[in-house]
Novice: 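One structure coming up, written as structure tokens, with questions to follow.
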Number of protein chains: 2
Amino acid sequence: MGDKILKIDKLPTVRRLPAYLRLLKVFSSQGIDTVSSGQLAELMGIESILVRKDLELTGISGTPRIGFRISDLIRSIESFLGWATSTDAFLFGVGQLGTALLGYRELGQSGLKIIAAFDTDSDKLNRTFNGVRVFHVDKAPELLSRLNVQLAILTVPPEHAQQVTDLLVMNGIQGIWNYTPVSLEVPEGVTVQKEDLLSGLAVLSVRMSRAVVSQRCEEGS
Amino acid sequence: MGDKILKIDKLPTVRRLPAYLRLLKVFSSQGIDTVSSGQLAELMGIESILVRKDLELTGISGTPRIGFRISDLIRSIESFLGWATSTDAFLFGVGQLGTALLGYRELGQSGLKIIAAFDTDSDKLNRTFNGVRVFHVDKAPELLSRLNVQLAILTVPPEHAQQVTDLLVMNGIQGIWNYTPVSLEVPEGVTVQKEDLLSGLAVLSVRMSRAVVSQRCEEGS
DNA sequence: ATTGAATTGATAATAATATATCGAATAATG
DNA sequence: CATTATTCGATATATTATTATCAATTCAAT
Ligand SMILES: NC(=O)c1ccc[n+]([C@@H]2O[C@H](COP(=O)([O-])OP(=O)(O)OC[C@H]3O[C@@H](n4cnc5c(N)ncnc54)[C@H](O)[C@@H]3O)[C@@H](O)[C@H]2O)c1
Ligand SMILES: NC(=O)c1ccc[n+]([C@@H]2O[C@H](COP(=O)([O-])OP(=O)(O)OC[C@H]3O[C@@H](n4cnc5c(N)ncnc54)[C@H](O)[C@@H]3O)[C@@H](O)[C@H]2O)c1
């Protein structure tokens, strides 16, 4: 029992917002300035009513017969997500996945600016990846507080995940984007978003096996 | 209107299964052989009843007072996901993200074996990454049919995503694990699983901003 | 101006997912 | 062997998410 936390997250909606944003920016770059929920729905592979509900959450309203003004829509979504202004972040673990993320351009357009990276491996130290300098983890506490960084991306090996997390928490981190498969222990007030790539593979796996089954059924009938 | 597709996917459950699997394997490697839904729930940060429902879907049943036999559980989940036997896959686009995935060990334990990779960049060709050889995309059609590969991982630049997809579909691909932000057009029968890393960032962003707000409220009251 | 076609958005209905309750089953204990 | 504490799992409920319906609005064309 206990806490009874009200969840007014609208999580599925929030998850779709970046995809809308990307489409809108494509339209915008093509000089188009309005779009209907039906058009967005088609491109997203969902129902138009769902698009309207989603957009409603960001506080925008469209005009009948026309649709939505793209520039307003972009502003509205970005503002809702807090992506209008850029947030500084540190990345921990400059390995395979870490370097990929350091080179991921679209993060910059999603309000995230990785301003430094940290590792323990001497091969990685003092190098720069895509303009981001790599420091030893020991430097993190000082830099975290000096630069007042509130967000960290965690791409260290699983066995070091909690230890690095503790260090981050101790130095006032507010949010952790966790790519390790570890369920991190953090005090209340610190937000952790865990990404599990394997969950997508799981969905793909069951859908593919189901597709085979239904194909066989059709053949059979 | 139209199709009225019933969704008996239990998608949220399927998404959680890999995380259970990982925990179970840790337990197993520690010589533990039973676990209760409560223990798993605690580690996952969810309710125990939800764990039981999830596990039920894979067709297992536990014993009161004891819990679940871990070896059975692993077998049951792996079999449900189709991860008991390994599936061959090709990877397209040996760039930043592509090489990270080529080096991602845990894929091998999730029933996925990347047996070849493809690129167009001459710098990448004929090299091997983590034991996986890189071929020119032009070789893909022949190898796809010769090796009867049904699953592809797509990590090419967005502007080439559809074109590579068309090539894959033409050569009988059944499933695509799509890391590009493009909503791919595929014929019925081909399964696409799109991964959007930014959707996780979106969730983190709104949660962090909300955390700040609720903190302020508490201070105020 | 009037009509017609297209689209939004309020309301309602349905579906999917998560949580609660509690009897039944089971192994450990005395 | 009876008792007790614990955990499962069937059933019921609550919450959240999606889809449907349709009147109201707006622009464009006549
Ligand atoms: N490779 C992938 O495609 C992939 C995909 C999904 C999740 N992950 C997860 O991401 C994490 C990293 O995976 P990877 O493949 O990049 O591994 P990796 O070994 O290539 O990279 C890990 C890096 O972290 C550094 N490191 C180790 N201890 C550290 C510490 N205490 N502080 C800072 N840095 C430290 C290492 O020196 C290394 O550079 C793992 O938890 C993995 O499960 C990886
Ligand atoms: N870098 C990341 O962390 C990250 C994260 C999420 C999503 N993505 C997405 O993954 C994709 C790849 O990103 P990246 O950062 O690795 O880019 P990248 O440019 O480093 O890699 C792309 C690779 O694809 C190859 N390529 C180009 N055309 C090809 C073709 N027709 N057939 C086969 N290979 C081809 C290129 O030569 C290059 O090696 C992009 O769509 C990006 O949006 C990247």
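Proteins come first, then strands; the chains are lettered A, B, ... in the order of their sequence lines, and each starts at number 1.
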Novice: Which whole-number value in Å describes the distance from A/Leu50 CG to C/dA10 P?
Specialist: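 To the nearest whole Å, that distance equals 16 Å.
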
Novice: Please work out if A/Thr13 contacts a base, only the sugar-phosphate, or nothing of the nucleic acid, heavy-atom cut-off 4.0 Å.
Specialist: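 No contact.
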
Novice: Run the salt-bridge test on B/Asp9 and A/Arg210 with the 4.0 Å N-O cut-off and return the result as yes or no.
Specialist: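 Salt bridge flag = yes for A/Arg210 with B/Asp9.
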
Novice: Look at the side chain of B/Leu11 and decide which nucleotide, out of C/dT17, D/dA20, C/dT19, has an atom nearest to it.
Specialist: C/dT17

Novice: Once ring pair (Phe, Tyr, Trp, His ring centres under 6.0 Å) is applied, what residue pairs with a partner in residues 162-214 of chain B remain, sequence neighbours excluded?
Specialist: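 Non-adjacent pairs meeting ring pair (Phe, Tyr, Trp, His ring centres under 6.0 Å): B/Trp177-B/Tyr179.
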
Novice: Using distance only, find each side-chain donor-acceptor pair of residues 16-24 of chain A under 3.5 Å and give its atom names and separation, not counting sequence neighbours.
Specialist:
| from | atom 1 | to | atom 2 | distance (Å) |
| --- | --- | --- | --- | --- |
| A/Arg16 | NE | A/Asp54 | OD2 | 2.7 |
| A/Arg16 | NH2 | A/Asp54 | OD1 | 3.1 |
| A/Arg16 | NH2 | A/Asp54 | OD2 | 3.4 |
| A/Tyr20 | OH | A/Asp54 | OD2 | 2.6 |

Novice: Does the side chain of A/Ile70 reach to within under 4.5 Å of the side chain of A/Ser28, using non-hydrogen atoms?
Specialist: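 Side-chain contact under 4.5 Å: yes.
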
Novice: Check DNA chain C against residues 22-38 of chain A and give the residues with a non-hydrogen atom under 4.0 Å, in numerical order.
Specialist: A/Ser36, A/Ser37

Novice: How long is the line joining CD of B/Glu56 and C1' of D/dA10, in whole Å?
Specialist: 9 Å

Novice: Tell me: NZ of A/Lys10 to P of C/dT17, nearest whole Å?
Specialist: 17 Å

Novice: Rounded to the Å, how far apart are B/Phe68 CZ and D/dT6 C1'?
Specialist: 13 Å

Novice: From CG of A/Leu55 over to P of C/dT7, roughly how many Å is that when rounded to an integer?
Specialist: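 One finds 15 Å between P of C/dT7 and CG of A/Leu55, rounded.
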
Novice: Has the side chain of B/Thr155 got a donor or acceptor atom that lies under 3.5 Å from a matching backbone atom of B/Gly93?
Specialist: yes

Novice: Output every pair passing salt bridge (Lys or Arg N to Asp or Glu O under 4.0 Å) with a member in residues 78-91 of chain A, not counting sequence neighbours, ordered by first then second residue.
Specialist: A/Lys25-A/Glu78

Novice: For B/Arg16, answer base if it contacts any base atom (sugar-phosphate contacts may also be present), sugar-phosphate if it contacts only those atoms, and nothing otherwise; contact means non-hydrogen atoms under 4.0 Å.
Specialist: sugar-phosphate

Novice: Give the rounded distance in Å between these two atoms: NZ of B/Lys53 and C1' of D/dT13.
Specialist: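 Nearest whole value for this atom pair: 11 Å.
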
Novice: By nearest atom, which of the nucleotides D/dG9, D/dT19, C/dG9 is closest to the A/Glu47 side chain?
Specialist: D/dT19

Novice: Set out, line by line, the N/O atom pairs under 3.5 Å between protein and nucleotides 22-30 of chain C.
Specialist:
| from | atom 1 | to | atom 2 | distance (Å) |
| --- | --- | --- | --- | --- |
| C/dA27 | N3 | B/Arg65 | NH1 | 3.2 |

Novice: To the nearest angstrom, how far is A/Asp54 atom CG from C/dT8 atom C1'?
Specialist: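 A/Asp54 atom CG is separated from C/dT8 atom C1' by 15 Å.
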
Novice: State which of C/dT21, C/dA12, C/dA18 makes the closest approach to the side chain of B/Ile49.
Specialist: C/dT21

Novice: Could you check A/Pro12 against B/Ser48 and say which one's nearest nucleotide on DNA chain D is further toward the 5' end?
Specialist: B/Ser48

Novice: My understanding is that only residues two or more places apart in sequence, or in another chain, count here; which of them pass ring-ring contact (aromatic ring centres under 6.0 Å, His included) with B/Phe68?
Specialist: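 Testing B/Phe68 for ring-ring contact (aromatic ring centres under 6.0 Å, His included), a comparison that skips the adjacent residues, returns none.
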
Novice: Any heavy-atom pair between the side chains of B/Ile153 and B/Leu112 that's under 4.5 Å?
Specialist: yes

Novice: Roughly, in whole Å, what's the span from CG in A/Asp9 to C1' in D/dA17?
Specialist: 13 Å

Novice: Does A/Ser76 use its side chain to pair, donor to acceptor, with the backbone of A/Asp72 at less than 3.5 Å?
Specialist: no

